[in-house]
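Heads up: the structure comes next, in structure tokens.
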Amino acid sequence: MKPSTSSSSSSSSVLSSFLVLLAFIPFSSSYLLPPSIIGSTVEHQNHTAISSFRVVNRRNLIQCPDPNPHLQINVSSENSPLSDDEYVNVTVSGVFHPSDGDWVAMISPSDSNVKSCPLNKIQYVQTGDISKLPLLCHYPVKAQYLSNDPSYLKCKKQECKKYNNTVCEVATCSGTISFHVINIRTDIEFVFFAGGFKTPCILTRSAPMKFSNPNQPLHGHVSSTDSTATSMRLTWVSGSEEPQEVQYGDGKTVTSTITTFSQDDMCTSALPSPAKDFGWHDPGFIHSAVMTGLRPSTAFSYRYGSDSIGWSDKIQFRTPPAGGSAELRFLAFGDMGKAPLDPSVEHYIQPGSLSVIKAMTDEAESGNVDSIFHIGDISYATGFLVEWDFFLHLISPLASRVSYMTAIGNHERDYINSGSVYKTPDSGGECGVAYETYFPMPTSAKDKPWYSIEQGPVHFTVISTEHDWTENSEQYKWMDQDMSSVDRSKTPWLIFAGHRPMYSSAGGFSTDDKFRKAVEPLLVQYKVDMVLFGHVHNYERTCSVHESNCLAMPSKDRNGIDTYDHSNFSAPMQAVIGMAGFSLDNFSQPGSWSLERISEFGYLRGHATMEDINLEFVNSNTRQVEDSFRITKGQK
């Protein structure tokens with residue numbers, strides 16, 4: 001165990017790199033804020049998940065009036081420098097009076113440039129708070145209350161600092177908490193605060209800690225480039241812009257292309273977005289390479305990196321079946337995000353994500369998964385860029401092994417005056433840039449994130465509900481052309497997928513009737529078999545629905561499974577599958593078209609053959625199937 005130690009007396013010289021101690025600059029009396037901004041916490045509740053931690057760096061920050069000379073913060077790690085993935089123990093000692101408001105934040109980069117903090121607080125209103133200066137200028141990556149150590153508040157770990165003969169005159173308390181740390185390339189440090197998240201003041205901080213190899217190639221994930229399944233794209237992250245390689249198959253090698261994005265690429269408005277402001281974290285460099293000459297439905301191995309930078313482990317993956325082949329096994333879901341692997345709070349946590357990713361990874365390892373479809377609301381970073389690293393780390397055991405296909409959602413794309421259909425600040429200023437860099441799909445161009453792909457007997461039409469879908473728009477014309485050209489003798493099943501649903505019993509603003517009226521006629525015209533959406537955080541299955549009416553109902557097959565007979569097609573059945581991570585939604589207004597409603601975390605499992613598609617909703621916590629249905633062309 002290798003500790004890193006710093007005392008409160010030595011922290012004052014470093015403090016200036018973390019705080020801006022500036023006089024409060026008042027608003028002009030002539031500047032009137034609209035009610036929606038004055039109530040910004042409420043306004044942003046559905047967009048960026050305001051919480052006391054989420055806006056901690058917009059809180060009025062003071063120096064703690066604590067002359068305690070005994071305070072120390074020690075970070076113990078089994079590796080020095082830090083490895084790519086480990087747990088570290090953070091011990092705060094020398095505390096006179098433990099409080100339930102004492103907390104520790106992990107900060108990165110440790111040398112954040114506080115000079116970039118504007119002096120005018122009006123510039124921070126959109127980020128969720130109206131606070132006096134000085135402010136905490138850099139957003140904590142994650143944080144924990146010291147009370148997570150059950151012995152801390154009761155001072156069960158005491159140390160005597162001053163004796164009078166054999167009598168202890170000055171005793172202090174300590175507490176230890178564990179943080180999960182992954183390689184985010186930039187140095188980190190741990191800072192001890194008092195006052196909770198709402199009235200924070202700084203007490204002491206650790207010395208900066210470095211990662212052993214900030215350039216290490218990490219988070220490789222594969223995706224399909226076309227319907228032949230003879231080529232696959234591998235995308236990964238590194239701190240180095242030096243070209244790297246993928247070595248795969250029997251000695252094949254391909255060199256990566258490199259891209260990245262900067263704060264200048266992020267969207268903002270008169271009020272800075274998180275991505276443009278304190279939520280920014282350097283993404284490093286995103287490498288991508290296409291492995292060619294593969295065979296469909298075949299296992300291969302690969303590794304990526306270089307001799308000078310380092311190599312990943314060797315990974316086994318399986319190509320999906322080619323379009324037109326006889327069978328496909330796939331998993332589909334939306335709105336997964338991520339959650340910490342320790343008791344920390346982060347700016348946005350999706351509590352179901354851990355069980356869902358674990359259950360799907362277990363399925364993939366059993367060899368029963370050909371492909372993944374994640375239909376929107378991918379990481380929920382929403383302008384806090386380091387959380388893309390957390391998400392990529394979480395999905396890597398799955399996305400590195402099978403084709404991981406995605407669709408864009410509101411939390412990847414939407415922002416004020418950015419060209420998105422919806423004008424909310426849901427992406428936190430990312431405007432689709434981060435998403436399209438990390439997940440290059442087989443689209444025609446940047447910011448046109450719609451595509452189609454065929455795997456096995458299924459044609460998938462994947463759209464963006466966040467881009468213009470009105471009649472005569474570019475995307476509408478593409479949808480029309482794509483679905484009209486499907487060869488149903490080759491791919492008898494047509495699945496349409498996007499983020500925002502046409503039907504939901506969750507109530508509120510979960511659906512957009514304009515979207516349904518514009519696009520639904522195409523689904524009927526081209527006899528779409530199944531429509532998959534996310535956005536609403538539950539599972540719901542409809543009848544064969546059109547214009548909010550059931551045109552046909554499924555019948556029970558010999559096994560008692562609901563069966564949709566599309567030999568006499570009337571309308572597609574639709575399913576909301578946004579139950580993969582985000583806090584679950586209840587059902588407040590069940591529609592007559594709604595047949596099954598489940599508010600549990602899980603995913604959709606599909607098995608398509610030339611004769612039918614069998615689908616199951618899997619509860620990720622119990623691994624039990626809670627809903628089953630089947631689509632046929634008349635076979636029994």
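Heavy atoms only: backbone and side chains are in, while hydrogens, waters and symmetry mates are out. Keep in mind it's a predicted model, so treat the numbers as computed, not measured.
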Cationic N near anionic O, under 4.0 Å, Glu387 to Lys338: yes
Will you find, in the side chains of Ser344 and His180, an N or O donor that is under 3.5 Å from an N or O acceptor? no
Worked check of ring-ring contact (aromatic ring centres under 6.0 Å, His included) between His221 and Tyr438: CA-CA 9 Å; His221 49 283; Tyr438 287 120; 7.6 Å; no
For the residue pair His467 / Asp447, report whether a side-chain donor-acceptor contact shorter than 3.5 Å exists. yes
State whether a side-chain donor-acceptor pair under 3.5 Å links Ser464 with Gln475. no
Could you work out, with side chain to side chain contact (heavy atoms under 4.5 Å, CB included) as the rule, every residue matching Ser231, not counting sequence neighbours? Thr225, Asp226, Val290, Thr292
Relative to the ring of Tyr404, is the ring of Phe333 parallel (under 30°), tilted (30 to 60°) or perpendicular (over 60°)? perpendicular
Looking only at side-chain N and O atoms, does Thr260 offer a donor or acceptor that is under 3.5 Å from a partner on Glu241? no
Test applied, ring-ring contact (aromatic ring centres under 6.0 Å, His included); reference residue, Tyr380; option that passes from Tyr435, Tyr348, Trp388: Tyr348
NZ (Lys210) with more than 12 external heavy atoms under 6.0 Å: no
Can you find a side-chain donor-acceptor pair between Arg185 and Ser108 that sits under 3.5 Å? no
Taking the six-membered ring of Phe390 (Phe, Tyr or Trp), confirm whether the NZ or CZ of Lys142 is under 6.0 Å from its centre and within 45° of its axis. yes
Flag the pair Phe197 / Tyr145 as yes when their ring centroid distance falls below 6.0 Å, and as no otherwise. yes
Is it true that the side chains of Trp236 and Gln244 contain a donor and an acceptor less than 3.5 Å apart? yes
Side chains of His499 and Asp377: do they bring a donor and an acceptor to under 3.5 Å? yes
Hey, is NZ on Lys448 packed in by over 12 heavy atoms from elsewhere, all under 6.0 Å? no
